[in-house]
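Everything below concerns the one structure shown next.
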Amino acid sequence: MSEFTSKGPLSAEMLAKMDAYWRAANYLSVGQIYLKDNPLLEHPLTLDDVKPRLLGHWGTTPGLNFLYVHWNRIIRQRDLDMIYIIGPGHGGPGLVANTYLEGSYTEIYPHIEQNRDGIKRLFRQFSWPYGIPSHVAPETPGSIHEGGELGYSLVHAYGAAFDNPNLIVACVVGDGEAETGPLATSWHSNKFLNPATDGAVLPILHLNGYKIANPTILARIPHAELEELMRGYGYEPFCLEGDDPATMHQQAAAVFDTIFDRIAAIQKAARQDGSTERPAWPMLILRTPKGWTGPKFVDGKPVEGTWRAHQVPFSELREKPDHLRLLEEWMRSYKPEELFDEKGAFRTELAEIAPKGRRRMGMNEHANGGLLLRPLKVPNFRDFAVKIEGRGQHDVESTRVLGHLLHAVMQANMGHKNFRVFGPDETASNRLGDVITGTGKAWMAQTLPVDESLSQTGRVMEVLSEHMCQGWLEGYLLTGRHGFFSCYEAFIHIIDSMANQHAKWLKVTRQIPWRKPIASLNYLLSSLVWRQDHNGFSHQDPGFIDHLVNKKADVVRVYLPPDANTLLSVADHCLHTKNYINLIVAGKQPAPQWLTMDEAIAHCTTGVGVWQWASNDKGGPEVVMTCCGDVPTLETLAAVMLLHDRVPDLRIRVVNVVDLMALQPQSEHPHGLPDEEFDRIFPVGVPVVFAFHGYPWLIHRLTYRRHNHDNIHVRGYKEEGTTTTPFDMCVLNNIDRYQLALDATTRVARLASQADAARQWYSEAIQRHRLYVTEHGEDLPEIRNWRWRQS
Ligand SMILES: Cc1ncc(C[n+]2csc(CCOP(=O)(O)OP(=O)(O)O)c2C)c(N)n1
Ligand SMILES: [Mg+2]
C-alpha cells in the first residue's frame, strides 16, 4: 500500500478504509448502470450479465461518492446533523450506492438486502422499468432535491437551513448547473442566512470541467478569477484539486477539517459572542476529473477527465467484445473481493466508518420533512372577517385583510419558528404588509437609516428573484415547515418550471409510504391582469392557472375568491393542507364585498354556488350568469343589474365559482362536482354566460365532459391589454358588463326579437365609454361609482 503514504490528518488505516469505501460506492455505481447479474463478478462477465439498455450517468458520480465518504467522516468526527443536496442529480447511482453502504437503503427497502441477492436487485432496479429512476429522486433516501432540472440546488439548501440552527446542508453545485440563472443568483442567499438562528450551508462547486458536451465556463476562467467571483459573492473559497486518490483523501480530510472549524467559529461568534456581522461562509471548489477512476480511453478516445464521461462511457458491449472486457477490468479495478465478503455483505470494518442511526444522511429526518412537521397554528380566521353592511356597498382591499390573518399566523408560530412568507419585493405592494410588522424582513447585508423593517431575524423573505423565493420556500417546506408565497400574477410564470418539478416531487412522494406528507406550497397571486392598467400589457398574464391545471389532479388546487371573506376562508383551508400546490388568485385593489363570513365559508366548502340573493330564477333559470374571479364577479353582477333594467322578466341565475377544480368531472379531480349537482346548477339546455378571470379556453377544457358544455359561453382574458383604465381592460377583452348583458340577451332564444336592439344598445354604450376614457383619462362616473342594487 505504498500509494497510501501521503501526509495528512488521516491515519494509514483510516485512509485505506475511506478509499475502500469510496471504491465500494464507485463499484456499486458502475454496477447499477451496467449489470443485471453477476453482481460480485464471481465469474467472468458475459453479455447475459449486462443490461440491454444502458441508462445512467457516470461522469459526476465518482466525485459525489468521494464527497460522501468525506462527509461521513466529518459527521462522525463532530456528530453533525447533516443532509446532502446534489445539484447534478443525475449522479443518482452514487447516492443510491452510498445510502446502501451506510445501511439506510436496506432499512427503508428491506428487499435490497446486504448480500449478493440484495446487490443484484440494487443493480437491476436502477433505470429499469418499474424500478427506480436514474436521479436523486424522491425514492432516494436522504434526498430533498432530485436535481433533474438543474439550477435549484443552492436555493433548496438555503431553504432547508433557515430556522434549523443545528443543521448543516452540504450542497454540490455542478459547474454546468452553475451556469443557470437560478443558480447564479442563489449564491446571494448568504445575505439572508443568520448564523445565530439558521443552520449552515456548505456549497461545493464541483468543477469536473464539463457538462454533457462542452466545457464549463467556470472551469475555463483563470482560477484566481473564479476565487474572486466567489469572494465577490461573499464566500471564503477553499480549493481542492487533483486526481491521485491517496493525496486527494488526505487533502480533502484536511480541507473539511478547516471548513468545519470555520463554520463552528462563525456560529460561535454569532451565538455566543454576539457578533452581528455577515460572515464570509466557507465554500469549496473541488476540481477533479469528470468520470474519475473510470476508463481513461475508449476506442482510442480520451474519456476520463472529458465530457465523454458524462453518461455511460461506452455502450457497444454487444458489438465490440473489447467493451465487455473494458467493463470487467474497470469494475475489477475497485477490487470488489476486498469490499464485500463471500455472501456479498459490505465488510464490517468498512461499514463501521459510516455514521450511525439518524446521523446517516439517508436517515436524516430533515430530508423527510413530514416526520418533523408540526401543524401550523392558524388563529380563527373568522376574527378577521369583513362586516358586510349592504352587499357590494363598500370597497375593501381583500389582500390587506389576508395580511391581517397572515400577521396573526406569523405571531402564533413565532415560538416554533416554522413559518415564513416569501415574495419578490412585493409583500407590501400586494397589500400584505401587515405580516411584516413584528418580525421584519430578513436581511444580513448592510442597512441604512432610510431602511424600514429590515431585520437579521426577519421572517418575511424578500429578494427580487422569483427563483430564489420559490426555491427557498420549497427547501423550507421539504424540511417540514410552512410557508406562503405572494407574487405578481404575470411574473409567477418565471418559476413555471420549478412549480412543475415540485408538483412532480409531490406526486411521486404520495406513492412512497415512508415519505411523510409535507405542508402545501401556497401561492397568492395578486396584482392581477384586470388591475394592471397602470403597468400595462407586460404585467397582464393570468396563464399560471392554465400551467398548474396541467399537473396531476391530486396535487393542484386553484381558488379564485371573489372577496375578502372568501379569501380568508380559502387561505385558512390552504394553510392546513398537506402535499398540495394551492394557487389563490385574489385582487389587491379596493373592491366590493359580497358575502358574509358564514356565507363565504359555505360557498368555499362547495366551491361553486348559486348566489340566490343576486338571482331571480324562480321557475328555473333562462340564463346562468357565471363568474370566477373578483373582477369577473363585479362585471357579472353589473351585467345582471343591466339585464334587470332592460329585460325585467328574464329569469337569471347567478353562479360564482371559487374552486376552479369543482368544474371538472369527479373522475378527473377529487373536487369535481358530481354530474347531478353540476346539472342542477347548470341545467342542461340553459345558456351559461361565463365570465372568467383567466384565458377562456381553460373553462372549456375543464367542462368539456359536462352535459351542458355546448351551452357554456366563456369570456375571459384574450391577450388584449395596455396602459388604460380598469374598465377599458374589460372592454378590450369583451368581459365587460355590457358585453355580458348582450351575451345573455342573444343566447336566450325567447329574446331573439330583441337581439338587434340589444346590439345597438351595446354599441352605443361602448362608444360612450370609449369617447369618455379617451377624453377624460378615467372611467365613466357610472362605472367608477357603480354599486350593486339589491332588488
Ligand atoms: C435546466 C436543465 N437544462 C439542461 C439539462 C440537461 N443536462 C443534464 S446534465 C447536464 C450537464 C450538467 O453539467 P454539470 O452541472 O457540470 O454536471 P456534471 O458535470 O457533474 O455531470 C445537462 C445540460 C438539465 N438537466 N437541466
Ligand atoms: Mg460538470
Side-chain angles (χ1 to χ4, degrees), residues 1 3-4 6 8-32 39-41 58 60-78 80 82 84 86 91-107 112 114-115 118-119 122-123 140-142 170 172 204 240 242-257 286 288 292-294 330-341 343-357 359-363:
M1 286 220 168
E3 79 237 49
F4 281 26
S6 303
L10 302 175
S11 67
E13 188 196 349
M14 188 61 176
L15 172 59
K17 282 186 179 174
M18 286 179 72
D19 187 69
Y21 201 110
W22 180 45
R23 282 189 277 126
N26 286 339
Y27 178 84
L28 294 181
S29 301
V30 183
Q32 287 176 76
L40 299 171
L41 295 183
W58 163 246
T60 193
T61 303
L64 301 178
N65 289 341
F66 180 82
L67 286 167
Y68 204 98
V69 68
H70 282 272
W71 293 334
N72 277 349
R73 168 183 169 269
I74 213 89
I75 289 171
R76 288 204 61 179
Q77 182 199 71
R78 298 169 190 232
L80 297 178
M82 187 153 125
Y84 68 78
I86 306 297
L95 280 299
V96 170
N98 271 294
T99 49
Y100 175 76
L101 292 175
E102 72 188 16
S104 309
Y105 208 93
T106 306
E107 245 169 84
I112 307 292
Q114 294 283 339
N115 57 29
I119 298 183
L122 183 85
F123 285 2
T140 313
V172 181
I204 296 168
L240 176 58
D243 60 4
D244 172 56
T247 316
M248 284 296 282
H249 284 306
Q250 290 290 14
Q251 290 181 355
V255 83
F256 278 124
D257 282 347
L286 174 68
T288 56
W292 193 13
T293 72
W330 176 16
M331 292 195 72
R332 287 201 192 280
S333 75
Y334 299 120
K335 305 186 185 131
E337 64 289 353
E338 291 179 11
L339 311 173
F340 303 97
D341 67 18
K343 293 197 171 123
F346 191 35
R347 290 191 186 275
T348 323
E349 65 275 20
L350 302 178
E352 72 175 18
I353 68 168
K356 304 280 172 264
R359 287 295 190 236
R360 290 170 295 176
M361 284 184 281
M363 295 307 270

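- Under the 3.5 Å distance criterion, with hydrogens and angles disregarded, no donor-acceptor pair is assigned to the side chains of Ser11 and Glu13.
- Rounded to the nearest 0.5 Å, atoms CE (Met248) and CG (Asp243) are 8.0 Å apart.
- Across Ala25 and Ala97, no two heavy atoms sit closer than the pair O-CB, 3.6 Å.
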* After noting the C-alpha distance and the side-chain angles of Leu41 and Tyr27, does the key distance pass the side-chain contact (heavy atoms from CB on, under 4.5 Å) rule? -> CA-CA 11 Å; Leu41 295 183; Tyr27 178 84; 3.5 Å; yes
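- Taking the six-membered ring wherever Trp is involved, the centroid distance between the rings of Trp71 and Tyr84 does not fall below 6.0 Å.
- No donor-acceptor pair closer than 3.5 Å links the side chain of Glu352 to the backbone N or O of Arg347.
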* **Test side-chain contact (heavy atoms from CB on, under 4.5 Å) applied to Trp292 and Asn65, step by step** => CA-CA 10 Å; Trp292 193 13; Asn65 289 341; over 6 Å; no
* Can you list the steps and then say if Asn98 with Tyr105 is a side-chain contact (heavy atoms from CB on, under 4.5 Å)? -> CA-CA 9 Å; Asn98 271 294; Tyr105 208 93; over 6 Å; no
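- In this structure, the side chains of Phe340 and Asn115 stay at 4.5 Å or more apart for every pair of heavy atoms.
- In this structure, CE in Met18 is found 12.0 Å from CG in Leu350, a value given to the nearest 0.5 Å.
- Of the possible polar contacts, one joining the Trp22 side chain to the Pro62 backbone as a donor-acceptor pair under 3.5 Å is found.
- Shown here for Leu40 and Ile119, the closest heavy-atom pair between the two residues is CD2-CD1, 3.9 Å.
- In this structure, His70 and His249 have parallel ring planes: the angle between them is below the 30° cut-off, well short of the 60° mark.
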* Give the intermediate values and the outcome of ring-ring contact (aromatic ring centres under 6.0 Å, His included) for residues Tyr68 and Tyr21. => CA-CA 10 Å; Tyr68 204 98; Tyr21 201 110; 8.0 Å; no
* CA sep, side-chain torsions, deciding dist, call: Leu10, Lys17, side-chain contact (heavy atoms from CB on, under 4.5 Å) -> CA-CA 10 Å; Leu10 302 175; Lys17 282 186 179 174; over 6 Å; no
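- Distance alone, capped at 3.5 Å, places no donor-acceptor pair between the Arg73 side chain and the Ile353 backbone.
- Side chain of Trp58 to backbone of Val30: no donor-acceptor contact under 3.5 angstrom is found.
- Residue Leu95 holds its CG atom at 11.0 Å from OG of Ser104, rounded to the nearest 0.5 Å.
- Side-chain atoms of Glu102 do not come within 3.5 Å of backbone N or O of Pro355 as any donor-acceptor pair.
- Once rounded to the nearest 0.5 Å, the distance linking CG of Leu64 with CD1 of Ile86 reads 5.0 Å.
- Annotation for Pro245 and Asp19: closest pair CB-OD1, 3.7 Å, computed over non-hydrogen atoms.
- Atom-to-atom distance recorded for Gln77:CD and Asp257:CG is 5.0 Å, nearest 0.5 angstrom.
- Listed for the Arg360 side chain is no donor-acceptor partner under 3.5 Å among the backbone atoms of Asn72.
- Summarising the geometry, atom CD1 belonging to Ile204 is positioned 5.0 Å from atom CG belonging to Leu67; distances are rounded to the nearest 0.5 Å.
- In plain terms, the two heavy atoms of Val96 and Thr99 that are nearest each other are O-OG1, 3.1 Å.
- Contact of the Leu28 side chain with the Tyr100 side chain is registered, since non-hydrogen atoms from C-beta on lie closer than 4.5 Å.
- In terms of modelled atom types and a separation under 3.5 Å, the side chain of Thr106 and the main chain of Ile112 share a donor-acceptor contact.
- Side-chain contact between Asp244 and Gln251 is absent, with no heavy-atom pair separated by less than 4.5 Å.
- Between Arg76 and Lys356, the closest side-chain pair of non-hydrogen atoms falls below 4.5 Å.
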